[in-house]
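Read through the structure below, which is laid out as structure tokens, and then see the notes.
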Amino acid sequence: MKILGGGSLQLVYAFLILLHMQSSIGVSSTIAGDEVRCIEIERQALLAFKQGLVDECGWLSSWGSEEERKDCCKWEGVQCSNTTGHITVLNLTAELEHGCYLCLRGNLSPSLFELQHLTYLGLAGNDFNFSCIPESIGLLNKIQHLDLNSCNLSGSLPSQLSNLTSLQYLDLSFNNFNNIKNLEWLSYLSSLKYIDLGGNDLGKSIPMINTSTFLTHLDLGNNNLTSSTFHWLFKFSKSLVYLDLSSNQFQGLIPENLDLYGNQFGGIPKSFGNLCKLRYLDLSYNNLDGMLPELIGNLSGCLQLSLEELDLHENKIKGPLPDMIKNLMSLRRLYLYNNQLSGTVPKSIGLLSKLELLDISSNSLNGMITESHFSTLSRLRGLYMSFNSLSFNFTPDWIPPFQLNGIELVSCKLGPKFPSWLKTQRKYSYLDISGNGIFDGIPKWFGNLSSRAIHVNLSSNHIYGILPDLSTTKFANSLGLGIDLSKNKLDGPLPIFLINVSSINLSENRFSESISSLCTIIAGKLDLLDVSHNQLSGKLPDCMMQWTSLAILNLANNHLFGKIPSSIGYLHRLESLGLQNNNFSGEIPLSLGNCSALQFLNLNNNSFFGKIPTWIGERLSSLIFLLLRSNHFSGDIPLKLCWLKKMTLLDLSNNNLSGNIPSCIQNLTTLAQKESSAIDYSFADSYDDSNGFYVGH
């Protein structure tokens with residue numbers, strides 16, 4: 001080791017002093033203690049940017065000129081280099097899931113682009129009030145990540161973007177750019193790996209993109225593009241992982257691309273099989289009308305090893321599900337629903353060991369589904385086979401290799417026994433086995449399966465017996481469970497209800513005895529309660545103040561009597577009230593006037609009496625149906641019923657009304673539009689007349 005003499009040490013010491021002085025000259029604020037202050041000219045640029053904004057969320061409260069806030073490297077969203085002090089990162093991205101969307105409103109100030117040492121700029125999800133991107137953006141020649149998506153920007157894209165030669169990530173999606181003649185500036189950005197220009201108006205022809213051959217993500221969806229010249233996409237075939245040209249107006253043969261949702265293509269070329277890194281292929285909502293075996297066959301080649309998601313739903317694809325589907329060995333998600341598939345489901349689908357979601361719903365598939373169809377599907381989380389002619393044949397002691405989150409097997413054939421394999425599924429949140437020909441009772445273990453359940457539908461079967469008490473099961477721990485057991489043969493008293501339930505449909509069963517157990521429902525999230533078409537009796541209990549979120553209450557076609565309790569006035573969100581075909585009596589309570597959101601009110605075939613309240617026209621202005629037929633109402637028809645401008649069906653027949661029919665009734669033009677209305681009239685009783693207005697016989 002060479003030991004420096006005293007003169008050499010002095011030279012080194014002098015050099016260090018000069019180096020420190022040079023740093024002090026370049027950085028306006030020196031290192032004081034452990035605090036690193038930012039460069040003054042960059043701080044002023046940020047303050048000028050802030051001056052043109054309204055800060056809805058208080059994001060920029062740390063930005064200021066006061067002494068304690070001068071260090072802009074400590075400001076929200078700002079990061080500085082530890083060595084130079086220059087600002088390198090500005091991230092003010094607004095994210096809806098974090099509760100901060102459109103926080104900043106105002107102008108996109110050119111001063112922002114004086115931060116020439118930025119490598120990362122994220123402003124997505126803010127509102128820049130149709131500002132144009134300033135030409136000064138070309139000064140950011142060190143930028144690597146630029147995210148301006150959903151910023152309400154407009155105008156054209158400046159050619160100065162070509163100066164951003166270090167750029168790897170570019171997202172300008174979902175703005176209002178227009179009149180874009182070309183994207184030639186992209187050809188200068190040789191480092192780009194990610195481009196998203198979706199949701200803009202790029203013109204009538206697809207732009208020529210001649211950029212990095214290492215591009216992995218390209219999104220030009222939702223751009224009203226019409227050209228079918230895609231030959232330039234071939235150069236990306238070795239690197240492209242994600243390509244979205246969806247929701248444009250392309251026609252003809254599908255080119256080398258990936259997500260083409262919502263176009264009008266008619267076939268898949270064989271060259272697709274050479275896209276060796278493609279993982280996601282979405283051809284949904286197109287006009288694909290070929291045979292599925294041929295389409296799957298055109299995906300052969302190295303693509304078979306890489307493809308993880310294949311989405312062909314909402315097309316006109318015909319034919320059987322081919323045995324060669326097993327060759328897509330990396331497939332994790334397969335969407336084939338809403339096509340015209342026929343034939344049986346091959347057992348080879350059970351060899352897709354990485355499959356997590358299978359949706360073949362709404363086709364014309366038939367045949368038997370056995371345990372072999374799921375032999376290696378241990379990763380399966382979503383199983384959707386509804387609206388086919390499929391029968392399930394499992395041994396009673398079968399233990400599936402999977403734990404499902406979503407199970408939808410509507411209008412298949414799981415019965416006649418209640419499917420015992422469901423006993424093993426303890427993680428599902430969605431279960432729909434309605435219309436499955438189940439002639440059985442509900443087993444005691446059913447409610448103890450999943451504490452995650454939010455939707456359980458067993459309707460339109462032949463399930464009989466007494467409904468088990470679910471209030472002490474795992475279902476009771478579910479947050480916001482919706483349960484539908486309608487159109488079965490359940491009998492006995494209504495059960496003790498779950499506390500956290502969001503919807504209950506027990507209509508069209510054989511429940512009897514008192515309705516008082518409804519008061520066990522104290523769920524603040526309950527929005528639907530339907531126990532219509534049963535054999536329930538007794539008075540309606542006065543406990544509705546517990547159901548403040550209720551939107552639909554249907555107690556029709558039972559044996560209920562007594563007055564409507566005043567607590568109905570707490571149902572401020574109530575939209576539909578069906579009490580028809582019971583034996584309710586008394587006057588319509590004044591508290592019902594608090595239900596200002598009410599659209600459908602059916603009190604037909606009861607024993608209500610008194611005058612029709614004037615306040616109905618004053619306070620229930622949203623009413624579409626008002627059905628009071630076959631009661632004991634008397635007096636005049638209130639003139640203020642004419643205030644109900646949205647009314648399409650008014651029935652006051654079979655009462656004891658007197659006086660003249662108000663002439664203003666003819667001004668309710670919507671009453672004469674019943675036939676053309678899109679409203680669901682199933683709420684009302686059957687009406688043969690066409691004018692929608694009935695006052696009596």
Side-chain angles (χ1 to χ4, degrees), residues 119-122 124 133 137-138 140-149 157-175 177 180-200 202-203 205-223 225 227-248 250 254-261 263 268-269 271-283 299 301-303 305-311 330:
T119 60
Y120 185 107
L121 177 59
I133 296 180
I137 195 172
L140 303 182
N141 56 13
K142 296 182 180 179
I143 195 80
Q144 298 176 17
H145 184 110
L146 178 60
D147 189 352
L148 299 177
N149 91 74
L157 296 175
S159 60
Q160 287 77 9
L161 285 166
S162 63
N163 295 337
L164 311 186
T165 53
S166 298
L167 199 61
Q168 299 179 24
Y169 182 104
L170 175 64
D171 191 344
L172 301 177
S173 60
F174 293 98
N175 283 287
F177 301 124
I180 299 174
K181 296 181 180 180
N182 63 68
L183 297 176
E184 292 181 1
W185 50 269
L186 277 171
S187 62
Y188 296 94
L189 308 183
S190 58
S191 299
L192 270 176
K193 297 179 180 179
Y194 184 107
I195 303 175
D196 191 344
L197 300 176
N200 292 290
L202 297 182
S205 63
I206 195 165
M208 178 66 179
I209 297 180
N210 182 25
T211 183
S212 168
T213 56
F214 299 103
L215 189 68
T216 61
H217 183 112
L218 177 61
D219 191 336
L220 296 173
N222 291 279
N223 270 297
L225 301 173
S227 173
S228 59
T229 305
F230 299 96
H231 61 274
W232 48 268
L233 284 174
F234 282 97
K235 65 182 296 184
F236 304 130
S237 63
K238 293 183 179 180
S239 61
L240 202 59
V241 173
Y242 183 99
L243 175 59
D244 185 349
L245 298 175
S246 64
S247 295
N248 287 293
F250 304 131
I254 297 177
E256 297 291 328
N257 35 34
L258 178 57
D259 186 340
L260 296 170
Y261 162 97
N263 290 292
I268 297 177
S271 51
F272 257 48
N274 297 323
L275 298 175
C276 299
K277 293 190 177 181
L278 217 54
R279 296 199 300 263
Y280 169 88
L281 175 58
D282 185 349
L283 301 174
L299 299 179
C302 58
L303 177 63
L305 303 177
S306 63
L307 192 62
E308 296 180 3
E309 180 167 332
L310 176 61
D311 191 343
S330 295

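Model, not experiment: these values are computed from the prediction.
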If every non-hydrogen atom of [X] is compared with every non-hydrogen atom of [Y], which pair is closest and at what distance?
{"X": "Leu186", "Y": "Leu192", "answer": "CD2-CD1, 3.6 Å"}
{"X": "Ile143", "Y": "Thr119", "answer": "CD1-C, 3.5 Å"}
{"X": "His145", "Y": "Asp147", "answer": "NE2-CB, 4.0 Å"}
{"X": "Leu157", "Y": "Trp185", "answer": "CD1-CZ2, 3.6 Å"}
{"X": "Phe177", "Y": "Asn200", "answer": "CD1-OD1, 3.2 Å"}

Decide yes or no for [X] and [Y]: does some side-chain heavy atom of the first lie under 4.5 Å from some side-chain heavy atom of the second?
{"X": "Asn149", "Y": "Asp196", "value": "no"}
{"X": "Leu170", "Y": "Leu164", "value": "no"}
{"X": "Ile137", "Y": "Pro158", "value": "yes"}
{"X": "Leu310", "Y": "Leu299", "value": "yes"}

Check for a donor-acceptor pair, side chain of [X] on one end and backbone N or O of [Y] on the other, with a separation under 3.5 Å.
{"X": "Asn163", "Y": "Asn141", "answer": "no"}
{"X": "Ser306", "Y": "Arg279", "answer": "no"}
{"X": "Asn175", "Y": "Leu148", "answer": "yes"}
{"X": "Ser191", "Y": "Gln168", "answer": "no"}

What distance separates [X] [atom1] from [Y] [atom2], expressed to the nearest 0.5 Å?
{"X": "Ile195", "Y": "Tyr169", "atom1": "CD1", "atom2": "OH", "value": "12.0 Å"}
{"X": "Asp219", "Y": "Leu172", "atom1": "CG", "atom2": "CG", "value": "11.5 Å"}
{"X": "Leu189", "Y": "Thr165", "atom1": "CG", "atom2": "OG1", "value": "7.5 Å"}

